[in-house]
Every structure is written in structure tokens, then in C-alpha cells.
*Asks:* 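Please see the structure below; I have some questions.
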Amino acid sequence: MTTLIDTDLLADVQRFGAGDVSACFSCGTCTAICPLTDNDGTFPRRIIRYAQVGMRDELLSSKELWTCYHCGLCSDSCPTEADPGEFMAAARRYAIASYDPTGLSRILYTRPVVGALIATLVAAFFAVFMYAAHGPQDAASLALFTFVPEGLIHWTGVAVMSAMALTGLVGIVTMARRVARREGVSLRTMLGGGAALSRTVAALWAALGVESLGQRRYREDCKDDKPAEPWYRRRWLIHALTIWGFLGLLAATVLDWGLALTGVKETGTPIPLWYPSRLIGTVAGLSLLYGVSMFMANRVRQVNRAAKVSTASDWLLLVLLWITGASGFFIEVALYLPDAPAANHLGYWVFLFHVAVAMELMLFLPFTKFAHAIYRPLALFFYALAADKSKQTA
Ligand code: SF4
Ligand code: SF4
């Protein structure tokens with residue numbers, strides 16, 4: 001098999017935040033200290049080697065790239081200060097941009113001013129688009145869907161979700177084909193027969209249930225937080241609260257939509273706080289807001305290696321998540337405040353802002369760091385399949 005060499009690869013990965021790893025001489029100190037090495041005596045330095053020698057295809061088809069949680073132990077012990085942990089993070093950003101067919105990820109990661117301009121214009125577009133169809137503002141109560149028609153929000157949301165899903169799917173297929181080819185995994189090895197099928201189901205559970213949602217290795221292996229860091233600031237916890245908060249908000253939206261579809265309750269009908277979709281949304285919103293606020297504070301304070309280097313794209317995702325959560329919470333408070341015309345009046349504009357930013361957030365998901373939420377489980381799936389295979393052959 002021919003290996004194509006990309007002589008610009010290392011310089012390109014450096015544009016995504018990697019430091020100078022040219023001094024790395026593959027001493028293996030990072031391998032010895034990394035809690036995720038398992039039986040792979042070349043992790044993580046092999047990925048650095050790929051970049052050094054320009055093996056782009058090998059780098060982009062490495063499932064190992066996504067198993068690293070950026071704990072920073074390797075960076076603290078590297079004798080050449082190559083910062084392998086940050087290199088792995090930059091290589092993941094590079095991979096996200098490489099799997100993206102539109103080129104938007106690359107712009108958001110490497111051209112912050114242009115990226116900020118695009119983000120502002122997209123949010124402004126959604127706001128103007130919604131406002132163009134606006135109705136009257138009821139001063140007595142916060143009638144949100146009289147101001148911005150529910151149907152317009154619904155169908156714009158469907159269009160945005162479809163665009164997001166399509167782009168995300170292209171990225172998933174691109175990555176899956178690369179990794180599968182390298183790992184020797186095919187539809188036949190995954191689905192051909194009962195034994196193959198049960199191995200696939202077990203690998204899916206390990207990747208999605210145990211690692212992605214349960215974050216087993218994140219909690220157990222990556223002791224990256226300073227010992228003095230209190231439990232409520234632990235990285236795995238705020239990561240979990242952010243994920244679960246986001247998924248909870250998604251679940252509440254789908255539930256609300258389902259209730260409207262089945263005629264149980266029309267969207268926008270006043271409901272008590274304990275109503276299932278409202279309760280899930282409130283708890284999830286607070287969880288998301290807490291997790292994202294802590295992530296932002298950690299980045300400002302640079303409390304750990306993972307928070308030391310922040311790209312504009314990282315901030316964009318956090319800011320969009322925070323604005324969506326905070327504005328949603330504001331609207332909820334305004335909805336339940338009795339006789340608060342001032343809050344109502346402001347509530348309409350906050351609602352318009354909330355919808356515009358939420359649309360942008362959904363549209364931008366596959367182009368920002370959020371994309372790791374799909375690529376990491378996929379890589380962990382291949383990782384679990386490979387672990388099972390080596391167990392069988394041992
Ligand atoms: S990154 Fe540092 S610790 Fe790892 S192999 Fe290279 S020089 Fe050694
Ligand atoms: S950052 Fe942590 S998990 Fe990632 S390669 Fe380094 S030691 Fe391993």
C-alpha cells in the first residue's frame with residue numbers, strides 16, 4: 001500500500017493550536033505515564049510521528065486520536081516540552097476540520113476574525129428572519145408564539161436540524177470509512193452472524209453507554225484536576241452536566257413537540273412548572289448553564305492543561321451554549337412571574353434573541369468542538385471492537 005506524504009501536515013496541525021513537536025524524539029515518557037496506553041506501546045507518540053513525517057491519512061484514520069481526554073500528564077513529563085497533550089487536542093481539531101466537507105470548521109478554528117464575523121451574521125440573519133414575521137406583543141402576558149409564530153420556529157428548526165444532520169452524517173461516514181479500512185472492520189465483520197452482531201452491540205454499549213454517557217475512563221483514569229480542586233469543579237463532573245443538560249433540553253423540546261403532535265397540548269399553552277417537559281427542560285437548562293459557566297471559568301483561570309489553550313471556536317461553542325441556556329432561563333422566569341409587564345416586554349426580545357442563537361448553535365454543532373460528541377463515541381466503538389478482537393486472539 002502506498003503512503004502519501006503531506007509535507008505541510010505538521011505546520012497545518014500547528015495552525016489548530018499544537019505547539020512545536022519537532023523536537024519530539026519518541027523517547028516514550030508520554031507512553032509510560034499516559035493512563036490510557038493499555039497495551040499500545042506507541043500511544044500517544046505515534047500520532048506525533050505521523051504529523052512529523054506527513055502521514056496525513058494515518059493520522060486521520062487513527063481511532064487513538066479520540067481516546068485521549070487531554071489530562072495533560074504526558075505534557076507535564078515530556079523532556080522536550082513538546083506538549084503532546086495539546087498536540088493531541090490540536091490534531092482532533094484538525095481532524096474535525098478535515099472531515100467537514102464545507103470548510104467552515106477550518107475557518108472557525110484558524111481564522112477567528114472571519115469566524116466571529118460569520119457567527120454574528122448568521123445570528124443576525126436568524127433574528128431578522130424571525131422578526132420579519134412577527135406579530136403583536138401582548139402586554140398582559142408573555143404570549144411568545146403570538147410574537148414569533150410557532151410554525152415559523154418549527155419549520156426553521158426542521159431546516160436547521162436537517163442541514164446539521166446532513167453535514168454531521170458526511171463527517172461521520174468520512175471518519176468511519178477511514179478508521180474501518182485501517183482497522184479491517186466491514187459490514188460483514190460487524191453484522192455477519194449472531195456472534196458478530198453481539199460483539200457489535202457490546203462495542204456500541206461500551207462506546208455510548210459506558211464511556212460517552214457514563215465517562216468511565218474520564219472519571220477513573222484522568223486525574224488531571226489539581227488535588228485542591230473541589231468536587232463541584234471537577235472536570236468530568238462539569239463535562240457530564242453539560243452533556244446531560246444539552247441532551248435533556250433536546251429531550252424536553254422533542255417531548256413538547258410530540259405532545260403537540262399527538263394533540264395532548266398545543267405548543268405555547270401555559271403549563272405548571274412540574275409538567276414533565278417543563279420540569280425536564282428546567283433541570284436540564286440549569287445543569288447546562290452550570291457546566292458551561294464552569295468550563296468558561298476554568299478556561300479564564302486556566303486551571304488545567306485542557307483549559308490552557310483556547311481557540312476562538314472553543315469560545316464560540318461555549319458562548320452560544322451559555323447564551324441559549326441563560327436566555328431560556330430568563331424567559332422561563334418571565335413566564336412564571338405574575339403581573340410583570342416590564343419582564344414581559346423584555347421577554348419578547350430575549351425570546352427572539354434566544355431563538356436566533358439556538359438556531360445558530362444547532363447549525364454550527366458539526367463545525368465546532370461539539371463535533372467530538374459524535375467522533376469520540378465512533379472512535380471508542382472501533383476501540384471496543386479492537387479490544388474484543390485482541391481478547392479473542394490472546
Ligand atoms: S512527546 Fe515528549 S515524552 Fe512523548 S515521545 Fe516525544 S519527547 Fe518523549
Ligand atoms: S493528555 Fe492524558 S490521555 Fe491524552 S495522551 Fe496525554 S497522558 Fe494520555
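Remember, it's 1-based here, ligands and their atoms both numbered in the order they're listed. Residue indices begin at 1 and follow the sequence shown. It should be emphasised that the depicted structure is a prediction, and the values quoted were computed from it without experimental measurement.
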*Asks:* Can you name the atoms of ligand 2, numbered from 1 with element, that are less than 4.0 Å from a heavy atom of His70?
*Replies:*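 Under 4.0 Å from His70, ligand 2 has these atoms: 1 (S), 4 (Fe).
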*Asks:* Near atom 8 (Fe) of ligand 1, which protein N/O/S atoms are found at less than 2.8 Å?
*Replies:*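 Under 2.8 Å from atom 8 (Fe) of ligand 1 - ignoring waters, which are not counted - the protein N, O or S atoms are Cys27 SG.
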*Asks:* So does Leu273 have more than 12 non-hydrogen atoms from other groups sitting under 6.0 Å from CG?
*Replies:*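 Correct, the count exceeds 12.
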*Asks:* Is it the case that over 12 heavy atoms from other parts of the model lie below 6.0 angstrom from the CZ atom of Arg46?
*Replies:*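 Enclosed.
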*Asks:* Atoms of ligand 2 less than 4.0 Å from Tyr69 heavy atoms?
*Replies:*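 Per the distance check, 3 (S).
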*Asks:* Measure the acute angle between the ring planes of Phe147 and Tyr348, then classify it against the limits of 30° and 60° as parallel, tilted or perpendicular.
*Replies:*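 Taking Tyr348 first and then Phe147, their aromatic rings stand perpendicular (interplane angle over 60°).
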*Asks:* Before accepting this row, confirm whether a basic side-chain N of the pair Lys308/Glu86 lies closer than 4.0 Å to the acidic partner's carboxylate O.
*Replies:*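 No, this pair does not count.
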*Asks:* What atoms in ligand 1 come closer than 4.0 Å to a heavy atom of Ile48?
*Replies:*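 Answer for ligand 1: 1 (S).
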*Asks:* Return the orientation label for the Tyr131 and His134 ring planes: parallel under 30°, perpendicular over 60°, tilted otherwise.
*Replies:*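 The arrangement is parallel - the two ring planes meet at less than 30°.
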*Asks:* For Phe246 and Phe370, take the angle between the two ring planes, folded into 0 to 90°, and tell me which bin it lands in: parallel under 30, tilted 30 to 60, perpendicular over 60.
*Replies:*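 Geometry flag for Phe370 against Phe246: tilted rings.
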*Asks:* Just checking Tyr290: does its OH atom have more than 12 heavy atoms from other residues, nucleotides or ligands closer to it than 6.0 angstrom?
*Replies:*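 Counting neighbours around OH of Tyr290, more than 12 heavy atoms of other residues, nucleotides or ligands fall under 6.0 Å, so yes.
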*Asks:* Enumerate the atoms of ligand 2 whose separation from the nearest heavy atom of Pro44 is less than 4.0 angstrom.
*Replies:*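 What qualifies from ligand 2 is 5 (S).
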*Asks:* Taking both backbone and side-chain atoms into account, decide whether Cys71 has an N/O/S atom under 2.8 Å from atom 2 (Fe) of ligand 2.
*Replies:*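 A backbone or side-chain N, O or S atom of Cys71 is under 2.8 Å from atom 2 (Fe) of ligand 2.
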*Asks:* Cation-pi between Arg56 and Tyr94: NZ/CZ under 6.0 Å from ring centre and within 45° of the ring axis?
*Replies:*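 Because its charged atom misses either the 6.0 Å distance or the 45° angle limit, Arg56 does not stack over Tyr94.
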*Asks:* Going by the atom numbers of ligand 2, which of them fall below 4.0 Å from some non-hydrogen atom of Gly72?
*Replies:*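 Atoms satisfying the 4.0 Å criterion: 1 (S), 2 (Fe).
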*Asks:* Closer than 4.0 angstrom, basic N to acidic O: yes or no for Arg106 and Asp12?
*Replies:*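 Salt bridge between Arg106 and Asp12, a charged N being under 4.0 Å from a carboxylate O: yes.
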